[in-house]
Amino acid sequence: MSERLEDIAEAMVASGQGILAADESTGTIKKRFDQIGVENTEDNRRAYREMLFSADEAMNDYISGVILFDETLRQKAADGTPFVEMIRKAGAVPGIKVDKGAKPLAGFPGETVTEGLDGLRERLAEYHELGARFAKWRGVIDINEEDGLPSSTCIQANAHALARYAALCQEAGIVPIVEPEVLMDGPSASHDIETCYEVTEWTLNTVFAELFQMDVLLEGMILKPNMIVPGKNASFQASAEEVAELTVRCLKATVPAAVPGIAFLSGGQSDVQASEHLHLMNASGNLPWTLTFSYGRALQQSALKAWGGKGDNVPAAQAAFLHRAKMNGLAARGAWSKDLEQA
Ligand code: 13P
């Protein structure tokens, strides 16, 4: 495969395919395993990821890239094949989460800034050696209207860190996924859809100004934003059509056409909602970038439940994963429908 940043980025958003976000940290995967009563051991984490990466049809046909956590990038399947090798064989690009998490922002209660820039150049060199060709860094913006959040300081600090991370990635021959997430399921989450639009527009404008400052090659990056949705506790929920329309409008107003692709996070949407929203956006047509998925929960939830930590359930779990991968692959082409969900 080509090592040019532009070519890697194009491959990550290949038509009808998207990214599997399987980069849950050890703490986050514990929360997922707790839901199904599975102990959070290294071997269970390995077995769970092997179930996903060996789902041949899902991986070959619908997955263009996989985001891994440090531990997973170094793990092997039960037969000794490195996970990185399995992912490559399926025609997907292996990627790595490189941020060290959202930490309290000093002087700004309730807000965070994502850490992990110190030593990042050296870590990226090692990840490249281990086979990663893209990376991910997530900045977190929470809306809390009672407390007047977010602050411009929080948005600025996260945008700055995202841009410094992106520049370091490109220096290392790694495509950065730039992920500024405006939360739909934060501690308050009572904001309406218009507020999500305003805060996302503000955030994306700030992020692209910082990317320009750091001389980041737009053609060699992927944006991973939230969709424009109300907070999960909002009194008025929005229709799928409204979400799709406002999301496209917000992105057109903020994301340069030089960016090859936008791969959404699911952020707490149900798996079917996440597919429907992506479908409606693509079906609306006339978009300057490829719009696809980079889902964690919305791709994995049903497979995780079907698996339940038991080897015997691997075929059922892989069937559940295939179904979601296929639904999202269709949504990425604007070819999804509710009837296909039932089939
Ligand atoms: P969700 O799709 O579950 O939001 O996860 C995507 C992700 O990578 C968050 O950083």
Side-chain angles (χ1 to χ4, degrees), residues 12-13 18-35 48-49 52 62-73 92-103 112-116 132 134-142 158 161-162 165-166 175-186 189 196 200 203 207 221-229 231-232 243 247 261-278 281 291-305 320-321 324-325 327-329 331-332:
M12 289 165 64
V13 293
I19 296 167
L20 166 62
D23 59 320
E24 298 85 1
S25 62
T26 308
T28 301
I29 198 74
K30 180 181 187 308
K31 288 189 215 159
R32 308 283 184 261
F33 280 4
D34 283 349
Q35 295 167 0
Y48 175 63
R49 268 67 180 248
L52 293 172
Y62 305 111
I63 301 298
S64 52
V66 182
I67 319 176
L68 304 166
F69 185 58
D70 181 278
E71 174 187 271
T72 323
L73 183 73
V93 186
I96 177 77
K97 184 225 299 288
V98 301
D99 68 64
K100 297 251 177 185
K103 304 288 161 63
T112 61
V113 64
T114 299
E115 296 188 352
F134 75 89
K136 177 192 114 166
W137 177 293
R138 172 174 171 262
V140 182
I141 310 295
D142 187 36
N158 278 292
L162 276 164
Y165 139 82
V175 168
I177 290 186
V178 173
E179 181 181 4
E181 178 176 9
V182 177
L183 294 177
M184 64 176 282
D185 65 349
C196 177
T200 303
T203 299
V207 166
M221 64 162 275
I222 299 294
L223 180 71
K224 177 164 173 167
N226 52 282
M227 294 182 198
I228 305 301
V229 289
K232 75 170 193 307
V243 169
T247 303
I262 297 175
F264 292 102
L265 58 94
S266 61
Q269 299 178 35
S270 79
D271 46 16
V272 176
Q273 266 176 343
S275 298
E276 184 173 15
H277 292 154
L278 179 62
M281 287 187 247
L291 289 191
T292 189
F293 58 91
S294 175
Y295 296 159
R297 284 163 284 179
L299 267 175
Q300 294 183 53
Q301 229 146 36
S302 54
L304 179 75
K305 262 199 203 125
F321 173 44
R324 289 273 40 99
M327 290 302 108
N328 286 309

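All heavy atoms count here, side chains included; hydrogens, waters and symmetry mates do not. Whatever order the structure lists ligands and atoms in, that order sets their numbers, starting from 1.
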Q | Carboxylate-amine/guanidinium proximity below 4.0 Å for Arg138 and Asp23 | A | no
**Q.** Glu24 bridged to Arg49 by N-O distance under 4.0 Å
**A.** yes
Atoms in ligand 1 with a heavy atom of [X] nearer than 4.0 Å:
{"X": "Gly267", "answer": "1 (P), 2 (O), 4 (O)"}
{"X": "Arg138", "answer": "9 (C), 10 (O)"}
{"X": "Glu179", "answer": "7 (C), 9 (C), 10 (O)"}
{"X": "Tyr295", "answer": "2 (O)"}

Q) Is the shortest N/O to N/O distance between Gly268 and ligand 1 below 3.5 Å? A) no
Have a look at ligand 1 and work out which part of [X], if any, has a heavy atom under 4.0 Å from it: side chain, backbone, both or neither.
{"X": "Arg297", "value": "both"}
{"X": "Lys136", "value": "side chain"}
{"X": "Asp23", "value": "side chain"}

When you measure from the side chain of [X] to the backbone N and O of [Y], does any donor-acceptor pair fall under 3.5 Å?
{"X": "Lys224", "Y": "Ser294", "answer": "yes"}
{"X": "Tyr165", "Y": "Asp99", "answer": "no"}
{"X": "Ser270", "Y": "Gln273", "answer": "yes"}

Q) Which pair of heavy atoms, one from Met281 and one from Phe264, lies closest together, and at what distance? A) SD-CZ, 3.6 Å
Q. Which of these passes side-chain hydrogen bond (donor to acceptor under 3.5 Å, both in side chains) with Asp34: Arg32, Lys31, Lys30?
A. Lys30
Q. Between Thr200, Thr247, Thr203, which is the residue that forms a side-chain hydrogen bond (donor to acceptor under 3.5 Å, both in side chains) with Asn226?
A. Thr200
Q.
Starting from atom 7 (C) of ligand 1, what is the nearest protein heavy atom, named by residue and atom, and what distance separates them?
A. Lys224 NZ, 3.2 Å
Q) In the protein, what heavy atom is nearest to atom 5 (O) of ligand 1, and what distance, to one decimal place, separates them? A) Gly296 N, 3.6 Å
Q: Could you check which of Gly139, Ala21, Ser266, Ser25 puts a non-hydrogen atom nearest to atom 2 (O) of ligand 1?
A: Ser266
Q: Could you tell me whether ligand 1 has any atom less than 4.0 Å away from a heavy atom of Lys97?
A: no
